[in-house]
Amino acid sequence: MTHGNAPAPTPPRSTLVVTAHAGDFVWRAGGAIALAASRGERVTIACLTFGERGESAKAWRAGKKLAEIKAIRREEAEQAAATLGAKVRFFDAGDYPLLVTPELTDQLVAVYRETQPDVVLTHPVDDPYNGDHPAAHRMALEARVLAQAIGYPGPGEIIGAPPVFYFEPHQPEMSGFRPEVLLDITEVWETKRKAMECLAAQRHLWDYYTDLAVRRGAQLKRNAGPNLGLPHRAMAEAYMRPYPQVAKELA
């Protein structure tokens, strides 16, 4: 309730994460999600598939059926998102391959307009090892543009132009990825690690992404400058920016 001419409370910042599979948001952006949530911000994860066909080998080898595998991956992703402090929505669009469709893009437009994101995290343009990731990228960026168009049909208010950050792919050197932004996730690292451990279907990746956070943390310290030196063992995530940064001062 406001009194007199008191301004209405400012809504919390909103982050939208668009990922192809149930585990992607944890490995690649779990630190960014946990940091945003720790500041009281709203984080919405749009998970396009469960990764049921291409990223659930352990369950297939155990004799699980498709419906069972989807249920397993859904539960894991829900637990991971809750650990990070985010809400996750599942689109069940089917992986391997994830197909770019007008219908799925339209669903993402609705999510953009509903969540009104201040920042968007998604896959980079290229990934020669997994075509689902570029497909998710294409729909995430197209939906962002369509959600800005006042003439595009659908519910909700149009959005502005939220900055986009590409999170790091599994094989960065092969995907044209450059660590342009290094995000210090040291204070939420244990939270990210707990979220990673929710993903039993991909246990083989736990140590890989721990080691990656250490390496990116070393780069973060090297680039922090003499006045921002970090004496502790830093952990970090790397991102790219497809659009120019808008600023009033260089920093």
Side-chain angles (χ1 to χ4, degrees), residues 11-52 54-56 70-95 98 104-124 127 130 132-144 147 156 159 162-170 183 185 188-189 191-202 205 209 237 239:
R13 279 174 54 87
S14 172
T15 295
L16 176 61
V17 186
V18 182
T19 70
H21 310 111
D24 293 339
F25 69 89
V26 183
W27 314 121
R28 294 159 170 77
I33 293 169
L35 277 174
S38 72
R39 295 190 295 262
E41 301 175 15
R42 293 185 295 112
V43 184
T44 305
I45 301 162
C47 188
L48 301 183
T49 84
F50 296 113
E52 64 271 13
E55 300 191 351
S56 304
K70 285 185 178 182
I72 291 169
R73 297 309 308 274
R74 182 186 187 113
E75 182 178 1
E76 289 182 354
E78 287 176 338
Q79 290 177 352
T83 299
L84 296 171
K87 301 291 185 181
V88 60
R89 302 184 187 185
F90 301 100
F91 292 76
D92 194 12
D95 70 326
L98 169 61
L104 189 53
T105 302
D106 188 62
Q107 291 179 55
L108 285 176
V109 171
V111 174
Y112 271 95
R113 288 182 171 177
E114 178 189 340
T115 60
Q116 294 288 312
D118 295 284
V119 62
V120 177
L121 310 180
T122 194
H123 298 271
D127 189 337
N130 194 319
D132 290 359
H133 297 157
H137 156 88
R138 287 174 55 193
M139 288 184 283
L141 264 62
E142 183 176 6
R144 174 184 172 276
I159 68 169
V164 177
F165 293 85
Y166 295 160
F167 40 64
E168 185 167 0
H170 190 66
L183 181 67
I185 63 168
V188 295
W189 167 250
T191 301
K192 176 172 179 175
R193 176 70 193 201
K194 288 177 182 176
M196 287 164 51
E197 291 176 0
C198 292
L199 304 177
Q202 294 177 286
L205 295 178
Y209 280 98
E237 289 173 344
Y239 293 85

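Only a predicted model underlies this, so the values are computations on that prediction, with no experimental measurement involved.
How far CE of M139 is from CG of L141: 11.5 Å, rounded to the nearest 0.5 Å. Of the inter-residue distances, the one linking W189 atom CH2 with K194 atom NZ reads 12.5 Å to the nearest 0.5 angstrom. Going from atom CD of Q107 over to atom OH of Y112 covers 14.0 Å, rounded to the nearest 0.5 Å. Expressed to the nearest 0.5 Å, how far CG of L84 lies from CD of Q79 amounts to 12.0 Å. With rounding to the nearest 0.5 Å, the separation of CD in E142 from CG in L104 is 10.5 Å. A distance of 10.0 Å separates CG in L98 from CZ in R138, rounded to the nearest 0.5 Å.
Evaluation of the side-chain hydrogen bond (donor to acceptor under 3.5 Å, both in side chains) rule for R193 yields E197, T210 as partners, not counting sequence neighbours.
Here the closest heavy-atom approach between residue R144 and residue I159 is recorded as O-CD1, 3.7 Å. The two residues D95 and G54 come nearest to each other via the heavy atoms OD2-N, 2.9 Å. When all heavy atoms are compared, the tightest approach of D118 to P12 is OD2-O, 4.4 Å. Nearest heavy atom pair, residue A86 against residue I33, reads CB-CG2, 3.7 Å. Between A22 and A77, the shortest heavy-atom contact is O-CB, 3.8 Å. The nearest pair of heavy atoms linking G31 to V188 is O-CG2, 3.6 Å.
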Next on the checklist: Checking F25 against V18 for the side-chain contact (heavy atoms from CB on, under 4.5 Å) test, could you report, in this order, the C-alpha distance in whole Å, the side-chain angles of both residues, the deciding distance, and whether it holds?
Outcome noted: CA-CA 8 Å; F25 69 89; V18 182; over 6 Å; no
Next on the checklist: Assess the residue pair W27 and Q202 against the criterion (side-chain contact (heavy atoms from CB on, under 4.5 Å)); give the C-alpha distance rounded to whole Å, side-chain angles, the decisive distance to 0.1 Å, and a yes or no.
Outcome noted: CA-CA 10 Å; W27 314 121; Q202 294 177 286; 3.5 Å; yes
Next on the checklist: For E52 and K70: C-alpha separation, side-chain torsions, deciding distance, then whether side-chain contact (heavy atoms from CB on, under 4.5 Å) applies.
Outcome noted: CA-CA 6 Å; E52 64 271 13; K70 285 185 178 182; 3.6 Å; yes
Next on the checklist: Would V17 and T122 count as a side-chain contact (heavy atoms from CB on, under 4.5 Å) here? Give the steps.
Outcome noted: CA-CA 6 Å; V17 186; T122 194; over 6 Å; no
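Identified under the ring pair (Phe, Tyr, Trp, His ring centres under 6.0 Å) test for residues 30-52, with sequence neighbours left out: F50-F90. The stretch residues 12-23 participates, sequence neighbours left out, in these side chain to side chain donor-acceptor pair (under 3.5 Å) pairs: H21-D24, H21-E55, H21-D132, H21-H133.
In this structure, the side chains of L205 and L199 stay at 4.5 Å or more apart for every pair of heavy atoms. Two residues are said to be in side-chain contact when any heavy atoms from C-beta on lie closer than 4.5 Å; L121 and L16 fail this criterion. Looking at heavy atoms from C-beta onward, R73 lies out of side-chain contact with T49 at the 4.5 angstrom threshold. Within the 4.5 Å cutoff, no side-chain heavy atoms of L35 are placed close to those of E41. Within the 4.5 Å cutoff, side-chain heavy atoms of V120 are placed close to those of P162. Within the 4.5 Å cutoff, the side chain of L108 has no heavy atoms near those of the D106 side chain.
Using a cutoff of 4.0 Å between basic side-chain nitrogens and carboxylate oxygens, E78 and K87 are not scored as salt-bridged.
When the options E237, H170, K192 are evaluated for a side chain to side chain donor-acceptor pair (under 3.5 Å) with Y209, the one that passes is H170.
For an aromatic pair to be called close, the ring centres must be under 6.0 Å apart, and Y166 with H123 fails this.
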